[in-house]
Amino acid sequence: MAKDYPISRKAHGVDFLMDHRHLWLRSQRPVALLRVRHTVIRAIRNFFDENGFTLMDMPILVPGAGEDRQSLFPVDYFGEKLFLTQTGQLYLESACMAMGKVYCFGPTFRAEKSKTRRHLTEFWMVEPEVAFADVAEVMRLAEDMICAIVAEVLSKNRADLDFLGRDVAALEKIMKPFPRMTYTEAGELLRGEPIRRKLEQELEQDKARLQALITELEAAEVTLKTAKKGWQQEKQEERVRELREAVGELDQELKVRPDHIRLAQSFKWGEDLGGSDETIVSRQFEQPVFVTDYPREAKAFYMKVSPTDPRVVKNFDLLAPEGYGEIIGGSQREEDPEVIAESMTAKGLRPEDYAWYLDLRRYGSVPHGGFGLGVERTVAWLCGIKHVRETIPFPRTMGRVYP
RNA sequence: UCCGGCGUAGCUCAAUGGUAGAGCGUCUGGCUGUUAACCAGAAUGUUACAGGUUCGAGCCCUGUCGCCGGAGCCA
């Protein structure tokens, strides 16, 4: 090892490690995580390839928005303004009309100004699209795929999961069918008295836990001062550092928790579920949970309006358990070009910019649907780590593009 | 864009408004078939940046920048 190798065996902060990501990659933790990532990607490809899907690569440079305009990355294309793709879905739908069962798998880009543990500006997404499938069938597909991924990771990456300290038993419990609830039901759960009481009780317990940790930390600091030099002192320092980290982390979490409870209680029908809401809902289950039938105005223009309730669309989100939240978003697609054009207008998009997409309906269409799975969020969940930035070799976040 | 936190030695972090420190790393010497060695000694700072308050600012105030977490939005 070179004398001035920057990464020592001692503790380092995230910022320092990320600045040296090219070398940090050589450490055991990144290796374990990225091996799991590889298994996840291979499991996904195998799953679709073995189930009659054809891989169709979709463009990365695109002329317009696939989801929403605010999160587009502009690119200068010989003087013309193009964007980096947010989803392959719209294009994929045209391939679906040709080949029936297709999927695309590639990087996607969203200029969301979100600095959270669940967000990257560049992330990988797999998107299947199935002809003649209704939303229930698409959900079954998602369920089967998740089970296939979990099984593959459990069989190929035991050692990596153990190294990462992952509670493997929680993954072994994953089996279909996953629970299903509607958006409206999720809202009732969030706004309800029982959940409020439960959350507040948990908050009190965690506050007590924080106090206990602080007391322990103070005691450890006193011990450190009187510790003998040498290995005893080092060990005690390690202990103090661990406790400080635990205290800081819990303290920060407890600060936002009351807000999250308040947000859950103030759930208003018509707004999308917030990240904290998803966390709360997903914590109530040991399995991934489907949340379906979101309000039309909160969701994308291409989702099929429910025949039984025009206020909602035939969509679903899949929330990973243990508080990990959304890893999949999917839906049946609207077939009526009039309805799509109307939704576009309502969301400030111009139907004429999507003429080719509307052509897919105009020149004959069949019921179809699909979903998108975020690879990094899935890996973070499977590995039991808190931040997605470690699940990709060189993460791109709002504040980091180096190295 | 908004809210909160942080920014001190190469790294991890201390320092009731009163002389900037520790551990690790580095360097020097010693000891030892060492495995995160050990012992003794040494060097190392524009306390992110720019102003302000004060007899005195790492600490208080204002602004800027950077990072972390969260909200909105999302996979």
Side-chain angles (χ1 to χ4, degrees), chain A residues 1 3-20 65-72 85-89 105-127 142 221 224-225 227 229-245 248-260 262-263 266 271-279 294 298-300 316-320 324-330 371-381 386-389 391-392 397-400 402:
Chain A
M1 190 190 287
K3 261 188 185 166
D4 55 350
Y5 188 70
I7 299 177
S8 72
R9 285 170 220 270
K10 298 289 178 184
H12 290 294
V14 204
D15 199 37
F16 177 82
L17 287 171
M18 275 302 174
D19 278 340
H20 297 84
E67 291 281 339
D68 80 301
R69 315 256 294 287
Q70 276 123 47
S71 66
L72 284 167
T85 185
Q86 300 169 310
T87 164
Q89 183 207 313
F105 200 158
T108 49
F109 307 86
R110 299 203 185 161
E112 286 159 358
K113 296 194 174 171
S114 25
K115 298 180 265 192
T116 81
R117 62 188 64 191
R118 301 185 309 280
H119 287 88
L120 298 171
T121 50
E122 175 182 312
F123 64 96
W124 286 68
M125 189 156 70
V126 60
E127 298 175 277
E221 278 170 340
L224 177 61
K225 277 183 189 147
K229 249 182 136 59
W231 68 271
Q232 286 187 2
Q233 191 182 23
E234 268 197 45
K235 204 161 180 189
Q236 195 59 26
E237 264 171 13
E238 179 81 29
R239 175 110 192 92
V240 167
R241 196 164 35 231
E242 275 170 15
L243 280 168
R244 280 216 185 100
E245 201 174 315
E249 207 171 292
L250 188 57
D251 183 54
Q252 203 161 35
E253 201 202 312
L254 290 186
K255 250 182 236 162
V256 298
R257 207 86 83 72
D259 280 344
H260 290 177
R262 192 177 43 72
L263 280 168
S266 65
E271 288 167 10
D272 207 346
L273 254 40
S276 57
D277 297 333
E278 287 175 359
T279 304
Y294 280 63
K299 287 291 173 181
F316 67 93
D317 280 354
L318 182 68
L319 311 182
Y324 276 92
E326 183 173 6
I327 54 172
I328 290 181
F371 64 81
L373 168 89
V375 169
E376 290 76 16
R377 285 187 184 176
T378 305
V379 175
W381 163 49
K386 58 180 187 188
H387 205 301
V388 292
R389 71 185 153 211
T391 64
I392 186 166
T397 59
M398 239 193 93
R400 178 175 296 282
Y402 178 91

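None of the values given here were measured: they were computed from a predicted structure.
- Side-chain N or O atoms of A:Thr116 include one that pairs as donor or acceptor with a backbone N or O of A:Arg118 at under 3.5 Å.
- Dashed line: the shortest gap from a side-chain N or O of A:His20 to OP1 or OP2 of B:C11 is not under 4.0 Å.
- Rounding to whole angstrom units, CG of residue A:Asp15 and C1' of B:G66 are separated by 9 Å.
- Residue A:His260 places at least one side-chain N or O closer than 4.0 Å to OP1 or OP2 of B:A71.
- Considering every non-hydrogen atom in both A:Ala380 and A:Thr391, the closest pair reads N-CG2, 3.7 Å.
- Using a 4.5 Å heavy-atom threshold, the side chains of A:Lys299 and A:Asp272 count as touching.
- Counting non-hydrogen atoms under 4.0 angstrom, A:Arg389 reaches the backbone sugars and phosphates but no base.
- Going from the P atom of B:C31 to that of B:A36 covers 24 Å, rounded to whole Å.
- How far CG of A:Leu373 is from CD of A:Glu326: 10.5 Å, rounded to the nearest 0.5 Å.
- In this entry B:A75 has no Watson-Crick or G-U wobble partner, no candidate having both defining distances under 3.5 Å.
- B:G23: Watson-Crick or G-U partner is B:C11, with both key distances under 3.5 Å.
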Produce the list of close N/O pairs, under 3.5 Å, pairing protein atoms with atoms of nucleotides 4-9 of chain B; give distances to one decimal.
none

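- The nearest whole Å value for the distance from the CZ atom in A:Phe16 to the C1' atom in B:C68 is 17 Å.
- Taking atom C1' in both B:U53 and B:A20, the straight-line distance is 22 Å, to the nearest Å.
- For A:Glu278, the listed nucleotide lying nearest its side chain is B:C74; candidates were B:G72, B:C74, B:C11.
- Mapping A:His387 and A:Glu326 onto RNA chain B via the closest heavy atom, the residue that lands nearer the 5' end is A:His387.
- The same atom, C1', is picked in B:U54 and in B:C73; the two are 46 Å apart, to the nearest Å.
- Only the P atoms considered, B:C60 is 9 Å distant from B:C6, to the nearest whole Å.
- Rounded to the nearest Å, the gap between the P atom of B:G51 and that of B:C39 is 46 Å.
- Scanning both residues, A:Glu127 and A:Gly88, for their nearest heavy atoms gives OE1-N, 2.8 Å.
- Between A:Leu120 and A:Glu376, the closest side-chain pair of non-hydrogen atoms falls below 4.5 Å.
- Nucleic acid contact class of A:Gly325 (heavy atoms, under 4.0 Å, all strands): none.
- The separation between A:Glu112 atom CD and B:G70 atom P is 14 Å, rounded to whole Å.
- One N or O donor and one acceptor, one from the side chain of A:Arg377 and one from the base of B:C74, sit under 3.5 Å apart.
- Per the geometry, CD belonging to A:Glu253 stands 15 Å off C1' belonging to B:C68, to the nearest Å.
- Taking the side chain as every heavy atom from C-beta outward, A:Thr108 and A:Phe123 approach each other to under 4.5 Å.
- In this structure, the CD atom of A:Glu271 is 10 Å from the C1' atom of B:G72, given to the nearest Å.
- Across every strand in view, B:G69 sits in a pair with B:C3 that passes the Watson-Crick or G-U test at under 3.5 angstrom.
- B:U47 and B:A15 have their C1' atoms separated by 11 Å, given to the nearest Å.
- One distance of note links CZ of A:Arg117 with NZ of A:Lys386; it measures 6.0 Å at 0.5 Å rounding.
- When the side-chain nitrogen and oxygen atoms of A:Arg117 are compared with OP1 and OP2 of B:G70, one or more of them lie within a distance under 4.0 Å.
- Phosphate proximity of B:C67 to A:Arg400: absent, as no side-chain N or O sits under 4.0 Å from OP1 or OP2.
- Heavy atoms of A:Ile327 sit under 4.0 angstrom from primed sugar atoms or phosphate atoms, though from no base atom.
- The aromatic rings of A:His20 and A:Phe16 sit tilted relative to each other, their planes meeting at an angle between 30° and 60°.
- In this entry the distance linking CG of A:Asp259 with P of B:G69 reads 18 Å, nearest Å.
- The base-pairing partner of B:U35, taking Watson-Crick or G-U wobble contacts with both distances under 3.5 Å, does not exist among the strands shown.
- Within 4.0 Å (heavy atoms only), A:Thr378 reaches no atom of the nucleic acid at all.
- Within the nucleic acid shown, A:Ile328 comes within 4.0 Å of sugar-phosphate atoms alone, with no base atom in reach, counting heavy atoms only.
- Across all strands shown, B:G63 pairs with B:C49; the Watson-Crick or G-U wobble distances both stay below 3.5 Å.
- A donor-acceptor pair under 3.5 Å is formed between the side chain of A:Arg110 and the backbone N or O of A:Gln86.
- For the C1' atoms, the distance linking B:C55 with B:C27 amounts to 41 Å, nearest Å.
- Nucleotides B:U44 and B:G23 place their C1' atoms 15 Å apart, quoted to the nearest Å.
- Here B:C68 presents its C1' atom at 16 Å from NE2 of A:His119, a figure rounded to the nearest Å.
- Atom-to-atom, CE of A:Met398 to C1' of B:A71 comes out at 13 Å; the value is rounded to the nearest Å.
- Nearer to the 5' terminus of RNA chain B, by closest-nucleotide assignment, is the contact made by A:Val256 (compared with the other of A:Val256 and A:Thr121).
- Across all strands shown, B:C55 forms a Watson-Crick or G-U wobble pair with B:G18, both key distances being under 3.5 Å.
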